[in-house]
Amino acid sequence: MSGSRTTDGSVDTTGESDPRVHWLDDDETAQLLGSLSCDTARDLLSCLQESPATATELATRVDTSVQNTRHHLGNLIGADLVRVADTRYSEKGREMKVYAAAAPFVVCIGGDGDDREAFAEVVSAFLE
């Protein structure tokens with residue numbers, strides 16, 4: 001896979017560009033789906049799929065408060081959908097975290113999970 005762009009425009013080849021495959025019967029999937037149960041959280045993740053941003057920038061983009069944005073970012077980080085990608089400093093010298101989507105694709109699958117590894121490889125190959 002070619003990799004995704006980082007905040008400085010370089011290509012990320014650390015493996016974070018690989019798709020994440022989740023099975024509906026996994027405990028981790030429940031947290032993932034819970035973190036996306038709100039429209040605001042989905043809007044934030046969509047924005048971060050386009051480009052990394054600070055909480056303040058995201059709040060402006062999705063028209064919500066910074067406090068609400070930080071709440072949803074915490075949930076998205078907990079579900080490994082978002083990561084802290086960088087740090088910037090405001091004009092006043094305050095440190096601000098820059099958030100980015102943790103993976104370009106997240107796939108949730110139901111059904112028989114006997115051949116999970118093979119299915120994950122097929123999804124990865126398809127997305128290359």
Side-chain angles (χ1 to χ4, degrees):
M1 190 158 276
S2 61
S4 60
R5 295 280 171 192
T6 63
T7 56
D8 65 1
S10 62
V11 175
D12 174 10
T13 58
T14 63
E16 293 176 10
S17 62
D18 292 337
R20 288 184 47 209
V21 178
H22 290 272
W23 295 86
L24 292 178
D25 61 350
D26 286 344
D27 292 336
E28 187 178 89
T29 303
Q31 184 177 10
L32 181 142
L33 294 175
S35 72
L36 293 172
S37 65
C38 176
D39 290 341
T40 302
R42 290 190 302 274
D43 291 345
L44 292 170
L45 184 57
S46 292
C47 286
L48 291 174
Q49 290 285 3
E50 295 171 15
S51 65
T54 65
T56 302
E57 292 166 342
L58 288 167
T60 300
R61 289 185 198 172
V62 301
D63 194 28
T64 191
S65 69
V66 175
Q67 180 181 9
N68 191 33
T69 298
R70 285 192 177 123
H71 166 77
H72 289 293
L73 285 171
N75 291 339
L76 293 167
I77 289 169
D80 292 327
L81 292 171
V82 169
R83 63 186 173 88
V84 176
D86 203 355
T87 302
R88 289 189 202 150
Y89 292 90
S90 71
E91 292 178 6
K92 296 180 180 180
R94 291 191 182 133
E95 186 175 282
M96 300 181 301
K97 294 176 182 174
V98 178
Y99 300 92
F105 303 101
V106 176
V107 181
C108 291
I109 303 163
D112 186 6
D114 289 341
D115 207 14
R116 292 175 184 215
E117 188 173 321
F119 186 83
E121 290 174 10
V122 168
V123 170
S124 293
F126 176 75
L127 295 174
E128 287 185 358

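Note: hydrogens, waters and symmetry copies are ignored here, and every other heavy atom, side chains too, is used. Quick caveat: nothing in here was measured; it's all calculated off a predicted structure.
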Minimum-distance pair of heavy atoms, taken over all atoms of [X] and [Y]:
X   : Y   : value
A41 : H72 : CB-ND1, 3.7 Å
P52 : R88 : O-NH2, 4.4 Å
L32 : S35 : O-OG, 2.7 Å
A55 : T69 : O-CG2, 3.6 Å

Can you measure from [atom1] ([X]) to [atom2] ([Y]) and round to the nearest 0.5 angstrom?
X   : Y   : atom1 : atom2 : answer
M96 : D86 : CE    : CG    : 10.5 Å
L81 : L73 : CG    : CG    : 11.0 Å
L44 : N68 : CG    : CG    : 8.0 Å
L76 : L48 : CG    : CG    : 8.0 Å
N75 : L36 : CG    : CG    : 9.5 Å
T54 : K97 : OG1   : NZ    : 12.5 Å

task = Tell me, with the steps shown, if V66 and L58 meet side chain to side chain contact (heavy atoms under 4.5 Å, CB included).
result = CA-CA 8 Å; V66 175; L58 288 167; over 6 Å; no
Side chain S37, main chain L33, donor-acceptor under 3.5 Å =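 Here the side-chain-to-backbone pair does not exist.
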message = Would the distance check show the side chain of Q31 and the main-chain N or O of G78 forming a donor-acceptor pair, the cut-off being under 3.5 Å?
response =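 Pair found, side chain donor or acceptor close to backbone of G78.
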key: Residues which pass side chain to side chain donor-acceptor pair (under 3.5 Å) with R70, listed by chain and number, not counting sequence neighbours   = none
Residues that D39 engages under side chain to side chain donor-acceptor pair (under 3.5 Å), provided they are two or more places apart =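 Listed in chain order: R42.
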query = Taking 4.0 angstrom as the limit, do E50 and R61 come out as a salt bridge?
reply =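 Salt bridge between E50 and R61, a charged N being under 4.0 Å from a carboxylate O: no.
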